[in-house]
Amino acid sequence: MKITVCRDCCCGTVKKHPTVNHGKHLSRLRAVAAEVGATVTVVECLDTCETSNVIVVQAKGVKPVWLGFVLSDAAITDVEDWLKAGGPGVAPLSDTLELHRITPPGLRKAQ
């Protein structure tokens with residue numbers, strides 16, 4: 001499983017989200033990734049700034065799950081719980097995480 005975390009452009013910035021502890025969230029994602037055998041990659045921009053902070057979770061054989069507005073400790077906890085339960089293709093998103101699901105930028109233009 002691969003977890004991609006958007007940072008730099010506006011996701012993960014104090015300028016756009018001054019009350020969010022971005023470093024703590026990234027540390028928590030790295031810790032759960034290590035626990036479940038996933039990798040975390042930080043990228044500069046996923047081209048969906050209007051839904052920052054964005055996390056993409058990919059597992060072999062299933063479509064990536066894009067999550068936006070991941071701005072609270074509670075949202076990170078929901079992501080952690082989902083990943084521990086198996087993540088994409090194994091565990092369904094909780095109702096709360098389903099509210100964070102976003103359409104990838106390339107697919108929005110096609111709709």
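Start at 1 with the first residue, then count along the sequence.
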Next on the checklist: Looking at His22 and Leu71, would you say the former's side chain and the latter's main chain have a donor-acceptor pair under 3.5 Å?
Outcome noted: no

Checklist entry - Taking NZ, NE, NH1 and NH2 as the nitrogens, is one of them in Arg28 or Glu80 under 4.0 Å from a carboxylate oxygen of the other? => result yes

Next on the checklist: Assigning hydrophobic clusters by single linkage (Ile, Leu, Val, Met, Phe, Trp, Tyr; side-chain heavy-atom cutoff under 4.5 Å), is Ile102 placed with Ile76?
Outcome noted: no

Item to check | Rounded distance [0.5 Å steps], NE2 in His17 versus SG in Cys10 | outcome: 6.0 Å

May I have the list of side-chain donor-acceptor pairs in residues 81-96 shorter than 3.5 Å, sequence neighbours left out?
unit_1	atom_1	unit_2	atom_2	d
Trp82	NE1	Ala91	O	2.9
Ser94	OG	Leu97	N	3.0

Next on the checklist: Would Val5 and Arg7 count as a side-chain contact (heavy atoms from CB on, under 4.5 Å) here? Give the steps.
Outcome noted: CA-CA 6 Å; Val5 181; Arg7 291 290 185 263; 3.5 Å; yes

Pair up each side-chain donor or acceptor in residues 31-42 with any protein partner under 3.5 Å, not counting sequence neighbours, and list the distances.
none

Item to check | Thr4 and Ile55, any side-chain heavy atoms less than 4.5 Å apart | outcome: no

Checklist entry - For the side chain of Asn53 and the backbone of Gly12, is there at least one donor-acceptor N/O pair under 3.5 Å apart? => result yes

Next on the checklist: Tell me whether Leu29 shares a hydrophobic cluster with Met1, the cluster being built from Ile, Leu, Val, Met, Phe, Trp, Tyr side chains joined at under 4.5 Å.
Outcome noted: yes

Checklist entry - Stepwise, does the side-chain contact (heavy atoms from CB on, under 4.5 Å) test hold for Val56 with Leu46? => result CA-CA 9 Å; Val56 181; Leu46 289 170; 3.8 Å; yes

Checklist entry - Going through the distances and angles, do Thr103 and Trp66 end up as a side-chain contact (heavy atoms from CB on, under 4.5 Å)? => result CA-CA 7 Å; Thr103 303; Trp66 286 63; over 6 Å; no

Item to check | Results of side-chain hydrogen bond (donor to acceptor under 3.5 Å, both in side chains) for Gln58 - residues two or more places apart only | outcome: none

Checklist entry - Any sub-3.5 Å donor-acceptor pair from His100's side-chain atoms to Leu67's backbone N or O? => result no

Next on the checklist: The criterion is side-chain hydrogen bond (donor to acceptor under 3.5 Å, both in side chains); which residues satisfy it with Asp73, sequence neighbours excluded?
Outcome noted: Lys24, His25

Checklist entry - Between Leu26 and Val57, is there a shared hydrophobic cluster once you connect ILVMFWY residues whose side-chain heavy atoms come closer than 4.5 Å? => result yes

Item to check | Co-members of Leu99 in a cluster of I, L, V, M, F, W and Y side chains, linked at under 4.5 Å | outcome: none

Next on the checklist: My understanding is that only residues two or more places apart in sequence, or in another chain, count here; which of them pass side-chain hydrogen bond (donor to acceptor under 3.5 Å, both in side chains) with Glu98?
Outcome noted: Arg101

